[in-house]
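Down below is the structure, laid out as structure tokens.
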Amino acid sequence: MRPTSPREAGTRRRHPVATSMAACMAIAPLMGCAGQKLTRTGFIPPETYARMAHTKDHTDDLIYVNPAMNVARYHTVMIEPVIWKPVAKAPQLPPKAEARMTAAFQKELGDALGHDFQVVPAGDCGPCTDVIRVRAAITNIRRSKWYYNAIPVVAGFAAGAAGGGMPPIPPPAPGGASEELIASDAATGEPLISVATYNNGMPWNALGQWLPYMHARRAFHLASLLLDEQFEKEKKKEQAPQAVASSAN
């Protein structure tokens, strides 16, 4: 048998990598339809949306915090039922999927805000004095499509086995969701915090490439934490002068 030359051996080693690159190029046109982004549906009033801005810690999100808000006075949060308010090009969501997704977002909000506030059902805050009313909308959503994502996964394994050193190929249909959230004074309606955010599926979350709405659920989780984080930040700002005064005494 004729010995394999170094050039031929190198060609054979690179062949799986070339295959994976070809697979990546083949699915590239699909990637544009999978990405989520910030939305402006009208759920957040236009006058509030105009005051929202990117922050140092959240450069991809839009956030508004009322500078006159006194977080210390609020101990209770009333969370309205999450709604599905899709942007114009959002996919049609079957009724059963809509019910599951809005319920999942509702639960995430309750879990996140429950760390700092007492959470009460909608319409159950009496006169609603010193109560925060939270409303949230899912404005876009994409399900993960395993039959697209399987191609780069297999190609990535092939490249790794060949020692090609090729970086992971992003899944073309990872899923994700976009959300808009409003927190206001339940008694006066004064806006306190508004958030527009989104999240797409990450390549390292392998299970999410196969389960249709796992990445969307992760987006709900992160959006809920983001809202709670803004309240925590404001609370720390308010407590800082008190801490300084106490140490001075």
Side-chain angles (χ1 to χ4, degrees), residues 36 38-52 58 61-66 68-88 90 92-141 176-199 213 216-235:
Q36 298 295 295
L38 294 174
T39 59
R40 185 170 184 171
T41 63
F43 180 77
I44 298 174
E47 61 273 16
T48 301
Y49 207 104
R51 291 182 283 179
M52 298 171 70
H58 299 283
D61 306 309
L62 285 176
I63 299 172
Y64 166 75
V65 177
N66 189 331
M69 176 175 56
N70 178 10
V71 182
R73 60 179 283 203
Y74 298 102
H75 301 284
T76 305
V77 167
M78 178 180 65
I79 304 175
E80 299 285 347
V82 173
I83 67 169
W84 166 237
K85 187 176 177 60
V87 292
Q92 185 174 2
L93 199 60
K96 289 184 178 180
E98 178 182 335
R100 290 199 308 271
M101 293 301 99
T102 52
F105 195 3
Q106 185 90 19
K107 181 180 184 303
E108 291 290 350
L109 284 168
D111 291 345
L113 295 170
H115 292 147
D116 300 295
F117 303 95
Q118 177 187 357
V119 179
V120 299
D124 191 22
C125 62
C128 295
T129 304
D130 297 337
V131 174
I132 298 172
R133 179 192 182 200
V134 173
R135 295 186 294 132
I138 304 170
T139 56
N140 200 353
I141 196 168
S178 302
E179 307 93 355
E180 297 177 22
L181 304 91
I182 307 170
S184 59
D185 185 288
T188 67
E190 181 183 14
L192 302 176
I193 295 176
S194 293
V195 171
T197 185
Y198 68 97
N199 196 266
Y213 292 109
R217 291 174 181 270
R218 179 175 179 271
F220 304 151
H221 176 71
L222 295 176
S224 302
L225 292 179
L226 177 57
L227 179 61
D228 186 59
E229 177 187 328
Q230 303 312 305
F231 281 114
E232 288 183 350
K233 285 183 177 180
E234 294 306 306
K235 186 179 295 186

Do I83 and F43 make a side-chain contact, defined as non-hydrogen atoms from C-beta onward lying under 4.5 Å apart? yes
Spatial distance of atom CG (D185) from atom CE (M69) [nearest 0.5 Å]: 11.0 Å
Using atom types as modelled and distance alone, determine if a side-chain donor or acceptor of E98 lies under 3.5 Å from a backbone N or O of W84. no
Is the F105 ring parallel, tilted or perpendicular to the F220 ring (thresholds 30°, 60°)? parallel
Run L227 and T197 through side chain to side chain contact (heavy atoms under 4.5 Å, CB included) and show every step you take. CA-CA 10 Å; L227 179 61; T197 185; over 6 Å; no
Evaluation steps, side chain to side chain contact (heavy atoms under 4.5 Å, CB included), between R40 and L62: CA-CA 10 Å; R40 185 170 184 171; L62 285 176; over 6 Å; no
Can you tell me how far CE of M78 sits from OG1 of T76, rounded to the nearest 0.5 angstrom? 10.5 Å
Can you name the closest pair of heavy atoms from Y213 and A97 and give their distance? OH-CB, 4.0 Å
Results of side chain to side chain donor-acceptor pair (under 3.5 Å) for K107 - residues two or more places apart only: D111
For the residue pair R100 and K96, establish whether any side-chain heavy-atom pair is separated by less than 4.5 Å. yes
Close side-chain approach of L109 and V77, heavy atoms under 4.5 Å: no
Heavy atoms of other groups near E47 CD, more than 12 under 6.0 Å: yes
Shortest non-hydrogen contact from M52 toward A196: CE-N, 3.4 Å
Under 3.5 Å, which donor-acceptor pairs do the side chains of residues 131-140 form with other protein atoms, sequence neighbours left out?
| residue | atom | partner | partner atom | Å |
| --- | --- | --- | --- | --- |
| R133 | NE | E80 | OE2 | 3.2 |
| T139 | OG1 | T39 | OG1 | 2.7 |
| T139 | OG1 | S178 | O | 3.2 |

Between I63 and V65, the two heavy atoms sitting closest are CG2-CG2, 4.0 Å
If you measure only the distance, is there a donor-acceptor pair under 3.5 Å linking the side chains of H115 and E232? no
Which pair of heavy atoms, one from I44 and one from E180, lies closest together, and at what distance? N-OE1, 3.6 Å
Nearest-0.5 Å distance, CG of residue D228 to CD of residue E108: 12.0 Å
Within the structure provided, determine whether V195 and H58 are in side-chain contact (heavy-atom separation under 4.5 Å). no
Taking all non-hydrogen atoms of both residues, which atom of A122 and which atom of I79 are closest, and how far apart? CB-O, 3.7 Å
Can you see which heavy atom on P127 is nearest to which on A187, and at what distance? O-CB, 4.1 Å
For V82 and E179: C-alpha separation, side-chain torsions, deciding distance, then whether side chain to side chain contact (heavy atoms under 4.5 Å, CB included) applies. CA-CA 10 Å; V82 173; E179 307 93 355; over 6 Å; no
Does any non-hydrogen side-chain atom of K233 lie less than 4.5 Å from one of E229? yes
Between F231 and Y74, is the gap from one ring center to the other below 6.0 Å? no
Beyond-backbone contact of E234 with L192, side-chain heavy atoms, under 4.5 angstrom: no
